[in-house]
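Below is one structure, written out as structure tokens; comments come after it.
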Amino acid sequence: MRNNRLLNFVFSLITRRIHPNPVITRASYQLVSNKLGFPYFQNYKYGRIPILLSLLSLRSKDDKATKRKEAITKSDSSFAEDKFLEVCEILSAFESEDDVEILWRLARAKYKLAGQETKKEDKNKLVIEAYNLLERALKLDGNNFGVHKWMSVLLDARSELDGIKVRISNLEKVKQHMLEAVKLNPRDATTFYMLGSWCYQIADMPWYQRKVAATIFAKPPESSFEEALQYFNIAEDIQPNFYSQNLLMLGQTHMKLGNKDEARRFLTQASNYKVTTEDDKKAKLDAENLLKKLG
């Protein structure tokens, strides 16, 4: 607060066109000199304009940084409440800037928004927009956890638009982005859930997709239900009961492995999970159906 008052004092001296050599307190001098990073005040007799422009720039940068931080905080809160359109509206003001943290968050929201679209054209448009944002972000920073995590999702979604052959051809790239994400942030449960889902889908791949994969790769992607279970367990160990879909997949994977008691335990947890999102609703319904099959 005191620093702001000092800056305002110096700013007022300049804008009121006071004599080129106003008496400025030592505290004001030190504050503004430190803020600007070079001795403008030593050369003050040469004019007020450079100082005025620098102070305006300083204020502008501070305001911009504050608005960016507030936008990210608010968008994360809205995302947690499944208010994806609101997130897009908050972050779109920064879309033209090369800000990695903004770009991957906006891409994430657009992807989630695409899942709510009923029109195929609108859904595909949002997926493509989200993928393009992540491509930009990846070029800016190849060591960002959020970028790799959501690029794995969007690369798969974007590939799906071009058909089964393209999607299968990108399977290994999808997994590599996930592995890079967990390397950058080994405490993110959701990424381990995503890895488990990837392994489960490969292990459970229909014969016709395997045939397509065999024409694309010398050695098609491989995985197993055991590997999938390992990743689902890691996710649950990091953050117990963090996601209804992880509980569901733990149950399904144990079913595939013939572990009926464990399958029943996790499916029961998924069916009793408090429903707050569409994912929770789907997990509950799927879990209840699978429990009926177990008897």
Side-chain angles (χ1 to χ4, degrees), residues 1-5 7-8 11 31 34-37 53-117 122-158 177-178 180-191 193-194 238-239 242-243 276-280:
M1 183 65 73
R2 180 171 177 270
N3 285 351
N4 287 336
R5 286 200 300 270
L7 276 173
N8 288 335
F11 186 80
L31 171 66
N34 291 339
K35 282 278 188 178
L36 296 179
L53 293 176
S54 296
L55 285 172
L56 289 172
S57 175
L58 181 63
R59 281 187 166 189
S60 177
K61 288 179 181 179
D62 287 345
D63 289 346
K64 192 174 182 180
T66 299
K67 288 179 180 178
R68 171 193 176 276
K69 186 176 180 180
E70 289 174 351
I72 288 176
T73 301
K74 188 175 180 181
S75 71
D76 285 348
S77 178
S78 296
F79 185 86
E81 297 173 5
D82 287 355
K83 297 177 181 177
F84 307 127
L85 181 58
E86 186 175 295
V87 175
C88 291
E89 291 171 349
I90 294 168
L91 298 180
S92 289
F94 302 87
E95 185 174 352
S96 62
E97 300 177 16
D98 290 335
D99 190 320
V100 172
E101 294 299 324
I102 294 287
L103 292 175
W104 75 254
R105 283 175 167 84
L106 183 55
R108 175 182 68 173
K110 283 179 178 284
Y111 169 74
K112 288 291 189 176
L113 201 58
Q116 297 177 347
E117 283 292 343
D122 293 338
K123 179 176 183 177
N124 293 352
K125 182 174 179 290
L126 284 166
V127 167
I128 292 170
E129 287 176 0
Y131 176 77
N132 290 341
L133 287 170
L134 282 169
E135 272 200 321
R136 275 178 60 196
L138 192 60
K139 288 177 182 177
L140 292 167
D141 186 358
N143 293 305
N144 185 284
F145 153 72
V147 173
H148 282 287
K149 176 179 178 177
W150 288 97
M151 178 54 93
S152 71
V153 175
L154 265 302
L155 175 59
D156 185 57
R158 177 68 182 85
H177 281 296
M178 293 180 192
E180 189 66 26
V182 297
K183 184 171 76 173
L184 292 166
N185 184 1
R187 298 300 300 170
D188 184 69
T190 308
T191 312
Y193 158 78
M194 290 161 57
I238 292 172
Q239 192 175 348
F242 77 102
Y243 191 31
T276 57
T277 67
E278 286 299 317
D279 281 353
D280 296 337

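What you are looking at is a predicted structure, and each value in this text was computed from that prediction instead of being measured.
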> Hey, does the Lys NZ or Arg CZ of Arg105 hover above the aromatic six-ring of Phe79, less than 6.0 Å from the centre and inside 45° of the axis?
Replying inline: no

> For Ser77, what residues pass the side chain to side chain donor-acceptor pair (under 3.5 Å) criterion, not counting sequence neighbours?
Replying inline: none

>> Suppose we screen for salt bridge (charged side-chain N to carboxylate O under 4.0 Å, His left out). Which residues come up paired with Asp98, at least two apart in sequence or across chains?
In response: Arg136

>> Run the salt bridge (charged side-chain N to carboxylate O under 4.0 Å, His left out) test against Lys69 and tell me which residues pass, sequence neighbours left out.
In response: none

> Partners of Tyr193 by side chain to side chain donor-acceptor pair (under 3.5 Å), sequence neighbours excluded?
Replying inline: none

> What pairs with Glu129 under salt bridge (charged side-chain N to carboxylate O under 4.0 Å, His left out), at least two apart in sequence or on another chain?
Replying inline: Lys110, Lys125

> What residues form a side chain to side chain donor-acceptor pair (under 3.5 Å) with Glu278, not counting sequence neighbours?
Replying inline: Lys281

> Got a sec, which residues hit side chain to side chain contact (heavy atoms under 4.5 Å, CB included) with Glu86, two or more places apart in sequence or on another chain?
Replying inline: Ser78, Lys83, Ile90

>> Please enumerate all residues that pass side chain to side chain contact (heavy atoms under 4.5 Å, CB included) together with Gln116, with sequence neighbours excluded.
In response: Phe84, Leu113

>> Taking side chain to side chain contact (heavy atoms under 4.5 Å, CB included) as the definition, give me every residue that meets it alongside Asp99, ordered by chain and number, with sequence neighbours left out.
In response: Arg68, Glu101, Ile102

>> Under the salt bridge (Lys or Arg N to Asp or Glu O under 4.0 Å) definition, can you give me all pairs with a residue in residues 141-157, not counting sequence neighbours?
In response: Lys149-Asp188, Asp156-Arg167

> Which residues pass the side chain to side chain donor-acceptor pair (under 3.5 Å) test with Thr276, sequence neighbours left out?
Replying inline: Asp280

> Ion pair present between Lys67 and Glu70, side-chain N to carboxylate O less than 4.0 angstrom?
Replying inline: no

> Sequence neighbours excluded, which residues qualify as side chain to side chain contact (heavy atoms under 4.5 Å, CB included) partners of Asp122?
Replying inline: Glu117, Lys119

